[in-house]
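Here it is: the structure, laid out below.
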Amino acid sequence: RAQLPYDLDGRSSASLYIRSEREDGAVVVSNAAAVTLLAAAPGLFAFSGKEPRPGMVVHSSTDAEKSGTPVTLNSPAQAGESVTLWAAGLGAVMPSEDSSLSAAVAAGVPNPQADAAVQVPVTAIVNGILAEVLSATLPHGVIGIYEIRVTLPANLRSSTNAVLTIYQDGRQSNTITIPVNNPIN
């Protein structure tokens with residue numbers, strides 16, 4: 001696994017080399033591999049299993065007792081509820097509005113800024129219905145793992161495997177599933 005530098009913004013391709021050090025101290029550098037660069041290539045975090053896999057999703061409820069607890073079959077998300085999920089590959093973030101923070105976001109270094117919003121907007125679809133994306137940020141102190149808060153559609157039908165996908169810059173993420181309850185239907 002590797003994290004691409006944020007300062008590759010605006011480039012469409014690059015050469016990737018892998019540098020490794022052997023036990024005897026010798027340094028080995030691989031041949032170049034061509035890499036296509038995109039502004040975003042979203043990927044949602046999910047548990048292991050057969051595709052589509054259950055998503056790593058927690059309740060973002062205003063109910064303090066429920067907020068932050070995993071969305072599971074025994075504690076499904078509710079239609080209209082806000083949930084939090086995590087992703088990689090959402091690309092560059094906006095600079096902090098706090099001018100006292102001079103440190104920029106850099107690859108391999110925890111985000112020194114306050115939660116930084118992604119530059120390229122994120123869209124979410126749940127069972128074919130557009131969901132409101134409340135925020136898509138790189139949290140303070142985190143390296144390359146983005147947090148997305150989504151409000152599930154109020155008219156979403158109950159399902160043990162509602163499918164959720166995000167889109168960014170015309171690119172589709174992997175699909176995850178979440179259990180959803182709607183007492184109305």
Side-chain angles (χ1 to χ4, degrees), residues 1-4 6 8-10 12-13 35-63 66-94 105 107 111 115-139 142-185:
R1 292 186 184 178
Q3 182 183 15
L4 296 176
Y6 285 95
L8 293 177
D9 199 26
S12 61
S13 64
V35 177
T36 300
L37 301 176
L38 304 168
L44 295 171
F45 285 86
F47 293 101
S48 63
K50 186 177 175 183
E51 296 293 340
R53 298 176 293 148
M56 292 183 178
V57 181
V58 298
H59 297 276
S60 301
S61 171
T62 53
D63 176 358
K66 194 171 189 178
S67 186
T69 62
V71 172
T72 65
L73 287 172
N74 292 332
S75 180
Q78 300 297 310
E81 177 185 1
S82 294
V83 295
T84 301
L85 45 143
W86 293 273
L90 301 188
V93 296
M94 305 284 194
V105 176
N111 176 17
D115 294 359
V118 298
Q119 287 183 4
V120 179
V122 173
T123 303
I125 305 287
V126 185
N127 277 359
I129 304 170
L130 185 65
E132 180 183 6
V133 175
L134 300 172
S135 62
T137 62
L138 179 63
V142 174
I143 301 173
I145 298 175
Y146 300 83
E147 182 178 277
I148 304 167
R149 291 193 57 237
V150 174
T151 298
L152 300 175
N155 61 339
L156 197 58
R157 292 192 174 277
S158 293
S159 171
T160 57
N161 289 4
V163 294
L164 187 151
T165 307
I166 62 169
Y167 295 83
Q168 192 185 30
D169 198 34
R171 306 273 177 205
Q172 179 179 333
S173 72
N174 56 311
T175 299
I176 61 171
T177 62
I178 61 170
V180 175
N181 181 48
N182 188 338
I184 296 172
N185 56 31

Answer with yes or no whether the side chains of S82 and T151 bring together a donor and an acceptor at under 3.5 Å. yes

Closer than 3.5 angstrom, by distance alone: can the side chain of Y146 be matched with the main-chain N or O of G91 as a donor-acceptor pair? yes

Could you go through the side-chain contact (heavy atoms from CB on, under 4.5 Å) check for T175 and T177 one step at a time? CA-CA 7 Å; T175 299; T177 62; 5.5 Å; no

Qualifying salt bridge (Lys or Arg N to Asp or Glu O under 4.0 Å) pairs, either residue in residues 41-56, two or more places apart: E51-R53

Would you find a donor on one side and an acceptor on the other, under 3.5 Å apart, between the side chain of S135 and the backbone of T137?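 Between the backbone of T137 and the side chain of S135 there is no qualifying donor-acceptor contact (under 3.5 Å).
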
Can you give me the closest heavy-atom contact between F45 and A88, atom names plus distance?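 For F45 and A88, the tightest heavy-atom pair comes out as CE1-N, 3.7 Å.
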
Counting N and O atoms only, with roles assigned by atom type, does the side chain of H59 sit under 3.5 Å from a partner on the main chain of S75, one being a donor and the other an acceptor? yes

Any side-chain to backbone donor/acceptor pair from Q119 onto V93? Under 3.5 Å, distance only. yes

Is the side chain of N182 donor-acceptor paired with the backbone N or O of L156 at a distance under 3.5 Å, no angle test? yes

Is there a donor-acceptor pair closer than 3.5 Å between any side-chain N or O of N181 and the backbone N or O of Q78?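 It does not hold such a pair.
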
Go through the steps for Q168 and V118 under the test side-chain contact (heavy atoms from CB on, under 4.5 Å), then give the verdict. CA-CA 10 Å; Q168 192 185 30; V118 298; 4.0 Å; yes

Strictly by modelled atom types, are S60 and T84 linked by a side-chain donor-acceptor pair under 3.5 Å? yes

